[in-house]
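Here the structure is laid out as structure tokens; the discussion comes afterwards.
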Number of protein chains: 2
Amino acid sequence: MFQITEGELKYLNEISSEIKYPKGQIIFSTSQKANEVYYIKSGLVKIYRTTSDGRQVSVAIRYPGDFIGLAEVLSNINEREYSAEAMDNVSILIIWKDGFKKMLCEMPEFSEKLIRLMSDRLREAQNTIYDFIMNPIQGRLAILLLTMAERAGDKSEDDIIRVRLRVTQEELACVIGSARQTISSLLNLLKEDGSIQYEGREIVGVNPNKLKLWIQE
Amino acid sequence: MFQITEGELKYLNEISSEIKYPKGQIIFSTSQKANEVYYIKSGLVKIYRTTSDGRQVSVAIRYPGDFIGLAEVLSNINEREYSAEAMDNVSILIIWKDGFKKMLCEMPEFSEKLIRLMSDRLREAQNTIYDFIMNPIQGRLAILLLTMAERAGDKSEDDIIRVRLRVTQEELACVIGSARQTISSLLNLLKEDGSIQYEGREIVGVNPNKLKLWIQE
DNA sequence: CACAAAATGTAATCCAGCCGACAAAATGGA
DNA sequence: TCCATTTTGTCGGCTGGATTACATTTTGTG
């Protein structure tokens, strides 16, 4: 998908400052001014909104190599529509709007790539909508675990993805719009079934082929 | 949101050919070659996928002034991931990939605007995901009717949107991931409630304020 | 090490909304 | 105008999964 080049990263490093956020820290939140974009160097970030009754609803998870906070800046919206929170210890580049827009002008191939990036994200979001309509909870959970493993893990020799995911059931529930208790029992089913492997409270292995059996279509 | 200029439309007219599709006609479908983008001059188009068991799942509805078929072309995907079908009599410009990409190079402000467009669509899709998680069926239906009215209707003197929507319950059901029968009774509730007005089988008026009462958050 | 806080497991209850089945109404061709 | 086809209305039964309510385990912290 989207891959940043050496040159671009160098440019980014010059116009940004690096910040580390500990797990649980909020990077930006709804209705703050949207004056910067962020580039994730390491760690996972969840994009979410807090509802009036206090629940959290996540619409995406972003991984190392992803930009976040892009949509508001590119759409020229003044305020953040979603919040972003570090799901573990996260290292991030902060890039000010003006610098970022200057970069877009000066590096036309980067600008071109950005169109592709937004396009990829749109397709991804549409697929999420599709999956929500098509799949019952188990399917959505399977899809989520699969994508998380693919994006955050290293593919090893056999077809089991080695990974290191420390994510609570509550967080998973927010992403697929479900209840924590339901996730609890489903995860146990997946465990028995060999679709996922735990080590303590950390997911360390994911079997794509077995997981896919839970997914509709 | 996205507004095309006189100049851009003129340019588009030169590199495109206009085609009219009668209601129900398929404009492109899944796994066809993705060699062109389309610009809707009039009419509504649904973007959907047919599942293995024959059901249709819609992920978006596009309106006059929208481009369709963009994502595959901009992402450099070879095959269509979704199908597009005329929801009524539709008039469309077909623009070949090469011509479109040439236009992007020659009109940098257009290219810039396209980034904004994709960004807008991404936000829209994320909001759809959010709504799916937050809202039960009535809420989703209300949101759908509201956006359809806002995009396809003319705002009149009072705060009722005058519109002319000929859409079957089946189609509505596909968009919000529900069953036709459920839509049937909900529409009747909305009718009684004064949220929407029918004339025969056509929705001709929508009351945004009343509709919003059905929406969570 | 002890204790509070966070995360998980489990089970009973309940209900929104899907599904099947059918009747009625509207629409559009011939 | 008539008949086939499409679209809509309605109703009961069934079920996935939310909700409530605890018990148990794990984790971090003074």
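Order of the sequence lines fixes the chain letters, A, B, ..., with proteins taken first and strands second; residue numbering starts at 1 for each chain. Atom set for the values below is all heavy atoms of this structure, side chains included, hydrogens, waters and symmetry mates excluded.
The pair A:Lys20-A:Glu18 counts as a salt bridge, with a side-chain nitrogen and a carboxylate oxygen less than 4.0 angstrom apart. Comment: B:Glu124 engages B:Arg62 in a salt bridge, judged by a side-chain N to carboxylate O separation of less than 4.0 angstrom. Comment: A:Glu72 engages A:Arg80 in a salt bridge, judged by a side-chain N to carboxylate O separation of less than 4.0 angstrom. Checked for salt-bridge contact, A:Glu202 and A:Arg166 meet the test: a charged N lies under 4.0 Å from a carboxylate O. Checked for salt-bridge contact, A:Glu199 and A:Arg164 meet the test: a charged N lies under 4.0 Å from a carboxylate O.
Against DNA chain C, the stretch residues 178-191 of chain A makes heavy-atom approaches under 4.0 Å through A:Arg180, A:Gln181, A:Ser184, A:Asn188, A:Lys191.
The nearest whole Å value for the distance from the CD atom in B:Glu202 to the P atom in D:dT7 is 15 Å. Atom CG in A:Leu172 sits about 16 Å away from atom C1' in C:dA6, given to the nearest Å. In this structure, A:Met87 atom CE and C:dA7 atom P are separated by 12 Å, rounded to whole Å. The interatomic distance linking A:Asp88 (CG) with D:dT27 (P) rounds to 17 Å, in whole Å. Distance A:Trp214 CH2 to D:dG17 P: 12 Å, rounded to the nearest Å. Rounded to whole angstrom, the span from the CD1 atom of B:Ile176 across to the P atom of C:dG17 amounts to 9 Å. In this structure, the CD1 atom of B:Ile137 is 14 Å from the P atom of D:dA18, given to the nearest Å. Between B:Arg140 atom CZ and C:dA16 atom P the separation is 15 Å, expressed in whole Å.
Geometric assessment of A:Lys46 against the ring of A:Tyr48 yields a positive cation-pi assignment under the 6.0 Å and 45° thresholds.
A:Gln169 has a side-chain polar atom (N or O) that falls below the 4.0 Å cut-off from OP1 or OP2 of C:dG9.
The main-chain N or O of B:Lys23 is found under 3.5 Å from a side-chain atom of B:Asn89 such that the two form a donor-acceptor pair.
Comparing A:Arg201 and A:Arg55 by the nucleotide of DNA chain D whose heavy atom lies nearest to each, the residue mapping closer to the 5' end is A:Arg55.
If you check every strand for non-hydrogen atoms under 4.0 Å, A:Glu171 touches nothing.
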